[in-house]
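See below for the structure under consideration.
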Protein chains: 2
Amino acid sequence: MRMHNPPHPGEIIKRLCLDPLGVSVTEAAQALDISRKTLSAILNGRAGISPEMAVRLSMAFGTSAESWLNQQTQYDLWHAEQRRKQLRVAKLAV
Amino acid sequence: MRMHNPPHPGEIIKRLCLDPLGVSVTEAAQALDISRKTLSAILNGRAGISPEMAVRLSMAFGTSAESWLNQQTQYDLWHAEQRRKQLRVAKLAV
DNA sequence: TAATTCGTAACGTAGTAGGTTACAGTTGAT
DNA sequence: ATCAACTGTAACCTACTACGTTACGAATTA
């Protein structure tokens, strides 16, 4: 189990993709063929990366869709793990 | 990009967890502290594995939540990739 | 000053996770 | 043959999320 709160994937998109290329949010949203609002929500952690969005990101930035989706998965999982102790689940196997 | 349609994670749950232990859907749902309907939907591919559900599965079956969530991610991604050609995304980087 | 960029509020649509209740079909034991 | 248990699923509900358009104020830049 991961120890530290992982950054949301939007932060990574901004730091590793937009900033280095000097691309504005508006321009990136146009390239991705999504609304500026949607991209803004992702960049600011108010929305996650959907499977389709992961494919869009891979097309625009030449990365793998899997890596984007995995980042989202790890982020979601960390938050779910924080609530593990509140779940009353019975063990069925060792 | 994966070539063949991956099975939905519910199939894996049934084959690798329920069947070997001889646990019924009803019993497993009770152990997981979810409704029988919800588990049935997962087992039959009509619902995905949420982050919280991945944690529940890990508690009941002694597996890692990450592995369950990754399976769902791979499954979702495969279907999103099938529609890649329909997305009109402009390349921003090589 | 004028134009651009950005975050975000307000509103709507669509889809999904999850619950309860109820029904019909199957199977196994008596 | 009957009864109980198991199963899938339909119907109905709530809550949340992804995504869109429009519009606004604040900040930045030409």
Side-chain angles (χ1 to χ4, degrees), chain A residues 8-11 13-15 17-19 21-60 65 68-69 71-73 75-80 82-83 86-89 92, chain B residues 8-11 13-15 17-60 65 68-69 71-73 75-80 82-84 86-89 92:
Chain A
H8 61 265
E11 218 173 301
I13 295 176
K14 179 158 173 45
R15 252 208 338 267
C17 299
L18 300 202
D19 289 351
L21 293 171
V23 176
S24 72
V25 175
T26 302
E27 287 169 331
Q30 287 167 353
L32 290 163
D33 195 29
I34 61 177
S35 75
R36 182 171 64 85
K37 178 202 156 161
T38 295
L39 181 54
S40 176
I42 293 174
L43 294 182
N44 292 286
R46 294 183 299 104
I49 296 182
S50 66
E52 182 182 304
M53 194 62 68
V55 174
R56 287 182 193 273
L57 290 168
S58 80
M59 293 170 77
W68 291 115
L69 210 46
Q71 277 181 53
Q72 186 64 50
T73 293
Y75 181 76
D76 293 340
L77 185 54
W78 189 87
H79 291 279
Q82 300 307 111
R83 292 186 298 280
Q86 292 158 32
L87 305 178
R88 284 162 305 161
V89 173
L92 282 175
Chain B
H8 61 266
E11 217 172 303
I13 295 176
K14 180 158 174 41
R15 251 206 341 263
C17 299
L18 300 202
D19 288 351
L21 292 171
V23 176
S24 72
V25 176
T26 302
E27 287 169 331
Q30 287 167 353
L32 290 164
D33 195 27
I34 60 176
S35 73
R36 183 170 63 84
K37 177 204 153 157
T38 296
L39 180 55
S40 176
I42 292 174
L43 294 182
N44 293 286
R46 294 184 299 105
I49 296 183
S50 67
E52 181 182 303
M53 194 61 68
V55 174
R56 287 182 192 273
L57 291 169
S58 80
M59 294 170 77
W68 290 115
L69 211 45
Q71 277 181 54
Q72 186 63 52
T73 293
Y75 181 76
D76 293 339
L77 185 55
W78 188 86
H79 291 279
Q82 300 308 111
R83 292 187 297 279
R84 171 183 284 261
Q86 293 159 32
L87 305 178
R88 282 161 304 159
V89 172
L92 282 175

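Proteins come first, then strands; the chains are lettered A, B, ... in the order of their sequence lines, and each starts at number 1.
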request  = Report yes if a side-chain nitrogen or oxygen of B:T38 is closer than 4.0 Å to either non-bridging phosphate oxygen (OP1 or OP2) of C:dG19; otherwise report no.
outcome  = yes

request  = Using atom CG of A:L39 as one end and atom P of C:dC6 as the other, report the distance to the nearest whole Å.
outcome  = 9 Å

key: Interatomic distance, B:E52 CD vs D:dC16 C1' [rounded to whole Å]   = 13 Å

message = Using heavy-atom distances to pick each residue's nearest nucleotide on DNA chain C, tell me which of B:R36 and B:G48 is more 5'.
response = B:G48

task = For residues A:R56 and A:L32, report the shortest heavy-atom separation together with the two atoms involved.
result = NH1-O, 2.9 Å

Validation row: B:L39, B:T26 side chains within 4.5 angstrom (heavy atoms) = no

inquiry  = With a 4.5 Å cut-off on side-chain heavy atoms, are B:L69 and B:P51 touching?
reply    = yes

request  = Ignoring the backbone of A:V25, work out which of C:dT8, C:dG7, D:dG8 is nearest its side chain.
outcome  = C:dG7

Length of the CD-P vector between A:Q30 and C:dT4, whole Å = 12 Å

inquiry  = Please report the distance, rounded to the nearest Å, between CG in A:N44 and P in D:dT17.
reply    = 16 Å

message = Working to the nearest 0.5 angstrom, can you tell me the gap between A:I13 CD1 and A:I49 CD1?
response = 4.0 Å

ask   = OP1 or OP2 of D:dT7 sitting under 4.0 Å from any side-chain N/O of B:T26?
value = yes

query = With a non-hydrogen cut-off below 4.0 angstrom, is A:S40 in contact with a base, only sugar-phosphate, or nothing?
reply = base

message = Tell me the interatomic distance from A:R56, atom CZ, to D:dC19, atom P, rounded to whole angstroms.
response = 8 Å

request  = Report the distance from atom NE2 of B:H8 to atom P of C:dA17, rounded to the nearest whole Å.
outcome  = 12 Å

message = Taking atom types as they are modelled, would you say the side chain of A:K37 forms a donor-acceptor pair with the base of C:dG7 within the 3.5 Å cutoff?
response = no

Minimum side-chain heavy-atom gap A:W78-A:Q82 below 4.5 Å = yes

inquiry  = Could you tell me how far apart A:R83 (CZ) and C:dG18 (C1') are, to the nearest whole angstrom?
reply    = 14 Å

Touch class at under 4.0 angstrom, heavy-atom based, for A:S35 against every strand present = base

request  = Whole angstrom is fine here: how far is it from CE in B:M53 over to C1' in D:dC16?
outcome  = 15 Å

ask   = Between C:dT5, D:dA18, C:dA22, which nucleotide gets closest to the side-chain atoms of A:S24?
value = C:dT5

